[in-house]
J.: 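Below is a structure I'd like to ask you about.
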Amino acid sequence: MADLNLQEIHDTLISVAHEAGRMMLAANPTDIDKGEKLNCRHPAVDIVTETDKAVEKLVSSRLSTAYPTFAFVGEETYKPGIQITAIPTFIVDPIDGTTNFVHGFPSACISLGLAVDRKPAVGVVYNPWQDTLYSAIRGQGAFTTVGAVWGLEGGKGRKSKLPLAKNPIPLAGLDQSLVSIEWGSQRDGVNYEVKTEVFKKLCAVKENGGSMVHSLRSMGSAALNLCAVAAGQIDVYWEGGCWAWDVCAAWCILSEAGGLVASGNPGVWDPELDSRKYLAVRGAPTGQKEIIEEFWNVIGEGRMEYET
Ligand code: IPD
Ligand code: CA
């Protein structure tokens, strides 16, 4: 890692993200009937469009030219059995939030991560509809820049350090928290049962054994959920079923913003990048471990099972 120029990689990823963003905006299907050709991976709501594939092609060509010795794992070219190894690996989701993309709902992004030794080292997440960039380099803090492409602040955009609060307040428990969750594309079996049970328990009043969270949110993009946690706008994010390309970039951003990622199933404090079950909490002076344990208690005996 010592011989990698992470700053240069970070800057390259930002320029690729901006280029990809222009492509997504040009393709934005505002009317599904006239819009993109949709394909469904199985199961039926796991949607992929022609733009997902075209953006990944652009990204892999740019990155393999700039960094020919690095490995590349992208959602659209992934085949079962492909492993993330210790060598520097770009882990890419060309569009995270494809369902929002096809509905014209402006919560989708490109997620460009670099993992070294199977740990996130650089992360760039860019939502072109809101011209909002999140980025981080391991050990150097996390930032968000709004409006650089729109030309705000003389073309540099409005840059802020993450988390947005200068003095984040302690995490005081689930009953003081805004929690984000996702339904995912698998709507049956044990995983669906565990998720729906947990959703119910999180929301229910305490008299009925619930946690009475402030509310639940779904950004429709794992990367944007994690970035909202990094910003401190969401306190806790829990999901099972997403992949390394959904989380790699934003995991780097969240860690640099003082957040933690534990396993989405109880008991594992330091989950693998490709473990597919995650529980993330925002940066806070106290209460991080306690809220993770409180969440794991809500899960109780339930366990999500996803093939890795
Ligand atoms: C999906 C989104 C969604 C999450 C799924 C992901 P995609 O990615 O991140 O929020 O619930 O687990 O697969 O399909 O839009 O790239
Ligand atoms: Ca995707």
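As the structure lists them, so they are numbered: ligands from 1, and atoms in each ligand from 1.
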J.: Taking atom NZ of K156 as the centre, report whether more than 12 heavy atoms of other residues, nucleotides or ligands fall under 6.0 Å from it.
T.: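 Open: at most 12 neighbouring heavy atoms sit under 6.0 Å from NZ of K156.
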J.: Which bit of A222 gets closer than 4.0 Å to ligand 1, counting heavy atoms only: side chain, backbone, both or neither?
T.: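 Both of them.
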J.: Can you check whether T99 has an N/O within less than 3.5 Å of an N/O in ligand 1?
T.: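 So ligand 1 has no N or O lying under 3.5 Å from an N or O of T99.
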J.: Look at the side chain of E256 and the backbone N and O of Q140, then say whether any donor-acceptor pair between them is shorter than 3.5 Å.
T.: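 Yes, the answer is positive, given that a donor and an acceptor are paired below the 3.5 Å cut-off.
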J.: Does the pair K53/E56 count as a salt bridge with the N-to-O cut at 4.0 Å?
T.: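 Salt bridge: no.
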J.: Kindly confirm whether the Ca ion (ligand 2) is within less than 3.0 Å of some N/O/S atom in G97?
T.: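 No.
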J.: Is atom CE of M212 surrounded by more than 12 heavy atoms (other residues, nucleotides or ligands) closer than 6.0 Å?
T.: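 Atom CE in M212 is not packed in, count stays at 12 or less.
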J.: Can you sort out which atoms of ligand 1 are near T98, meaning under 4.0 Å from one of its heavy atoms?
T.: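 Taking each heavy atom of T98 in turn, ligand 1 has 15 (O) under 4.0 Å.
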J.: Just give me the atom name: the N, O or S atom of D93 closest to the Ca ion (ligand 2).
T.: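 The D93 atom nearest to the Ca ion (ligand 2), restricting to N, O or S, is OD1.
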J.: Between L25 and W129, is any pair of side-chain heavy atoms under 4.5 Å apart?
T.: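 Side chain of L25 against side chain of W129, heavy atoms only: contact under 4.5 Å found.
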J.: Suppose I only count heavy atoms of G97 and a 4.0 Å limit; which atoms of ligand 1 are within that range?
T.: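 Answer for ligand 1: 7 (P), 15 (O).
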J.: Can you name the closest pair of heavy atoms from A121 and L6 and give their distance?
T.: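 Heavy atoms of A121 and L6 come nearest at O-CD1, 4.3 Å.
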J.: Would you indicate whether the side-chain heavy atoms of V48 and T98 approach each other to under 4.5 Å?
T.: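 The answer is no, as the side chains (C-beta and beyond) never meet within the 4.5 Å cut-off.
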J.: Check contact between N225 and ligand 1, using heavy atoms of the residue and a distance below 4.0 angstrom.
T.: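 No, N225 has no heavy atom closer than 4.0 Å to ligand 1.
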J.: Pull out every atom of ligand 1 sitting under 4.0 Å from any heavy atom of E75, numbered as shown with elements.
T.: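 Selected atoms, number and element: 16 (O).
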J.: Provide the atom name of the closest N, O or S atom of E75 relative to the Ca ion (ligand 2).
T.: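 Closest N, O or S atom of E75 to the Ca ion (ligand 2): OE1.
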J.: Can you sort out which atoms of ligand 1 are near D93, meaning under 4.0 Å from one of its heavy atoms?
T.: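 The list of qualifying atoms is 16 (O).
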J.: Using a 4.0 Å cutoff against the non-hydrogen atoms of C242, which atoms of ligand 1 qualify?
T.: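 By the 4.0 Å cutoff, the relevant atoms are 12 (O).
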J.: Has ligand 1 got any nitrogen or oxygen that is less than 3.5 angstrom from a nitrogen or oxygen of G220?
T.: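 Yes, G220 has an N/O under 3.5 Å of an N/O on ligand 1.
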J.: For a side chain to side chain donor-acceptor pair (under 3.5 Å) check, start with the C-alpha distance between N225 and E182, then their side-chain angles and the critical distance, and finish with the verdict.
T.: CA-CA 9 Å; N225 280 307; E182 291 287 341; 2.8 Å; yes
J.: Using distance alone, decide if ligand 1 has a nitrogen or oxygen within less than 3.5 Å of any nitrogen or oxygen in I95.
T.: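 Between I95 and ligand 1, an N or O pair is found under 3.5 Å apart.
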J.: Quick one: which of E239, Q186, M219, R276 has a heavy atom closest to atom 5 (C) of ligand 1?
T.: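 Of the listed residues, E239 has the closest heavy atom.
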J.: Could you go step by step and tell me if D11 and Q7 meet the side chain to side chain donor-acceptor pair (under 3.5 Å) rule?
T.: CA-CA 6 Å; D11 296 351; Q7 182 68 52; 3.1 Å; yes
